[in-house]
Amino acid sequence: MYRILLVDDEILVRDAIRENIDWASMDCILEGDCENGQQAAEFVKIHPVDIVLTDILMPYMDGMELSHFLHDHYPDVVIVIFSGFGEFEYAKKAIQYNVSEYMLKPVTAMELRGVIERMKEKVDQRRREKQRLESLKKTSEDYQKNASVIRFKALENLVNGTRDVNVSLSELEKLGVTLHGSIYRVAVLDIDIYSDIYQFDVKKRQESALMAFVLFNISDELVRQEDAGLVYQEGSNRVCILFSGNRTKEFSRKILKICGEIQHQFREAMGLEVSIGVGNRVRRPEDLLLSHDLAGKAMQYRYLLGGNLLIDMEERGERGRPSS
């Protein structure tokens with residue numbers, strides 16, 4: 001069932017729309033009708049609605065102001081604006097408030113039914129997206145409670161050098177994690193759309209953390225399949241890979257192949273692009289920070305080259321302090 005609110009200061013218009021639409025046949029219910037935006041804003045605080053059909057010129061609070069209010073406080077509500085011919089260009093400015101449709105008055109019942117059917121599809125899409133994010137959030141919350149969080153922190157401490165290396169290695173051993181291989185390389189993975197996460201609101205931050213969780217799962221599965229190293233989350237928004245292997249060209253090719261496949265699978269699953277920087281090789285765990293820092297430095301190239309990057313810093317000739 002789709003809940004609809006009608007907002008228009010002309011009672012004859014409200015009566016005509018109310019009586020000429022067979023709401024039940026469209027799986028809809030006209031939850032209420034209001035004569036101005038101010039009444040509508042108070043109405044939605046008490047009565048949840050999915051679609052708001054609103055005139056643009058009304059006393060007290062017009063359709064633009066109402067759209068602004070809904071955009072800020074009820075972003076899931078789908079908005080349709082009615083406007084007279086002279087108001088149409090003005091109404092189109094409401095795109096910044098996520099208005100989904102503009103209808104030029106006078107509106108026929110057939111036109112309105114067609115618009116409502118399209119808006120129902122938008123409501124369904126937003127419901128699916130909300131359910132998907134809620135499901136990811138639940139999975140993420142459950143995941144954060146297990147021992148992997150401890151492993152993430154131990155790996156982060158080791159790579160970033162924030163604790164004594166031997167202490168970090170000992171802690172990882174107790175967790176069943178042992179480093180193997182004669183060389184190591186660190187890769188840093190960022191989801192491009194969330195790269196400047198400090199600019200986003202709380203909802204976007206939560207969303208980015210969920211997407212990072214998906215990126216971790218994809219990366220972890222691929223790295224495990226190739227027995228190529230260890231994957232961990234750095235903070236809530238970044239994924240890192242500690243690759244371990246031998247000093248061979250095949251090892252470097254394997255790293256780039258895995259990273260490319262991560263980008264492909266994440267794009268297929270979530271429709272988002274990932275940039276990856278791969279740091280230079282080091283021989284000692286004590287030098288992992290050098291590889292990590294160079295991998296992070298690769299992210300700066302996004303400002304010049306755009307997103308969806310896969311940058312091998314060794315190929316670019318970038319070097320940190322050499323290992324002894």
Side-chain angles (χ1 to χ4, degrees), residues 1-84 87-88 90-137 201-204 206-207:
M1 185 66 71
Y2 303 85
R3 300 159 297 185
I4 296 178
L5 174 64
L6 174 61
V7 190
D8 198 301
D9 62 333
E10 297 182 43
I11 188 170
L12 293 179
V13 173
R14 298 201 308 274
D15 288 345
I17 292 176
R18 185 192 308 110
E19 296 168 7
N20 287 301
I21 299 293
D22 186 353
W23 303 101
S25 69
M26 299 178 68
D27 194 26
C28 294
I29 180 172
L30 186 60
E31 196 73 30
D33 60 271
C34 301
E35 62 183 33
N36 58 62
Q38 186 173 309
Q39 284 187 4
E42 293 302 318
F43 185 91
V44 297
K45 293 177 182 178
I46 303 172
H47 307 279
V49 297
D50 301 304
I51 302 170
V52 170
L53 311 172
T54 179
D55 189 20
I56 192 166
L57 292 185
M58 298 177 292
Y60 306 113
M61 178 188 283
D62 65 21
M64 291 282 280
E65 293 170 315
L66 174 60
S67 298
H68 191 176
F69 169 81
L70 294 172
H71 173 269
D72 288 350
H73 300 283
Y74 302 93
D76 292 331
V77 172
V78 174
I79 306 168
V80 177
I81 280 186
F82 305 132
S83 68
E87 309 153 12
F88 194 61
Y90 173 66
K92 287 169 67 175
K93 294 180 181 178
I95 190 171
Q96 64 184 306
Y97 304 136
N98 209 25
V99 171
S100 297
E101 190 87 25
Y102 313 96
M103 299 190 70
L104 193 60
K105 284 185 173 182
V107 178
T108 68
M110 182 178 296
E111 289 173 333
L112 188 55
R113 282 195 293 270
V115 167
I116 290 173
E117 288 296 341
R118 292 199 297 275
M119 296 308 101
K120 285 164 58 179
E121 293 176 8
K122 283 187 174 289
V123 171
D124 290 341
Q125 181 181 352
R126 292 184 184 183
R127 286 174 176 174
R128 287 193 297 268
E129 180 68 14
K130 189 173 183 179
Q131 288 172 352
R132 182 175 68 89
L133 289 175
E134 287 176 351
S135 176
L136 284 172
K137 183 178 180 180
D201 57 22
V202 173
K203 184 176 180 180
K204 278 291 185 183
Q206 293 173 340
E207 182 181 303

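Quick caveat: nothing in here was measured; it's all calculated off a predicted structure.
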Which residues share a side chain to side chain contact (heavy atoms under 4.5 Å, CB included) with Gln125, sequence neighbours left out: Arg128

Reference residue Asp76; test salt bridge (Lys or Arg N to Asp or Glu O under 4.0 Å); the match among Lys122, Arg3, Lys130: Lys130

Nearest atoms (heavy-atom pairs only) where Arg14 meets Asp33: NE-OD2, 3.0 Å

Within-4.5 Å side-chain heavy-atom neighbours: Glu35 and Met58: no

Between CE on residue Met103 and CD1 on residue Ile56, distance to nearest 0.5 Å: 14.0 Å

Val52 vs Leu70 side-chain heavy atoms within contact, under 4.5 Å: yes

Listed partners of Phe43 passing ring pair (Phe, Tyr, Trp, His ring centres under 6.0 Å), at least two apart: His47

Heavy-atom check, side chain of Asp9 versus side chain of Asn36, under 4.5 Å: no

Partner set under salt bridge (charged side-chain N to carboxylate O under 4.0 Å, His left out) for Glu134, not counting sequence neighbours: none

Approximate separation, where rounding is to 0.5 Å, of Ile116 CD1 and Leu53 CG: 5.5 Å

Shortest non-hydrogen contact between Cys28 and Lys120, atoms and distance: SG-CD, 4.0 Å

Ion pair Arg118/Glu121, N-O distance below 4.0 Å: no

Close side-chain approach of Ile21 to Arg113, heavy-atom, < 4.5 Å: yes

Stepwise side-chain contact (heavy atoms from CB on, under 4.5 Å) check, Val44 with Val77: CA-CA 10 Å; Val44 297; Val77 172; 6.0 Å; no

Side-chain heavy-atom pair Trp23, Ile29 within 4.5 angstrom cut-off: no

CA sep, side-chain torsions, deciding dist, call: Leu66, Val7, side-chain contact (heavy atoms from CB on, under 4.5 Å): CA-CA 10 Å; Leu66 174 60; Val7 190; 4.1 Å; yes

Close side-chain approach of Asn20 and Leu112, heavy atoms under 4.5 Å: no

Side chain Ser135, main chain Gln131, donor-acceptor under 3.5 Å: no

Taking every non-hydrogen atom, the tightest pair across Ile81 and Gly63: CD1-O, 4.4 Å

Contacts of Arg126 that satisfy side chain to side chain contact (heavy atoms under 4.5 Å, CB included) - sequence neighbours left out: Val78, Asn98, Ser100

Residues which pass ring pair (Phe, Tyr, Trp, His ring centres under 6.0 Å) with Tyr74, listed by chain and number, not counting sequence neighbours: Phe69

Glu117 CD to Asp27 CG distance, which is reported to the nearest 0.5 Å: 9.0 Å

Rounded distance [0.5 Å steps], CD in Glu31 versus CD1 in Ile46: 11.5 Å

OG1 on Thr54 to CE on Met61, rounded to 0.5 Å: 10.5 Å

Check: Asp62 main-chain N/O paired with Glu65 side-chain donor or acceptor under 3.5 Å: yes

Salt bridge (charged side-chain N to carboxylate O under 4.0 Å, His left out) against Arg127, all qualifying residues, sequence neighbours excluded: Asp50

Tyr2 versus Met26, closest heavy-atom pair with distance: CD1-O, 4.5 Å

Minimum-distance pair of heavy atoms, taken over all atoms of Met119 and Ile51: CB-CD1, 3.7 Å

Atom CE of Met110 with >12 non-hydrogen neighbours under 6.0 angstrom: no

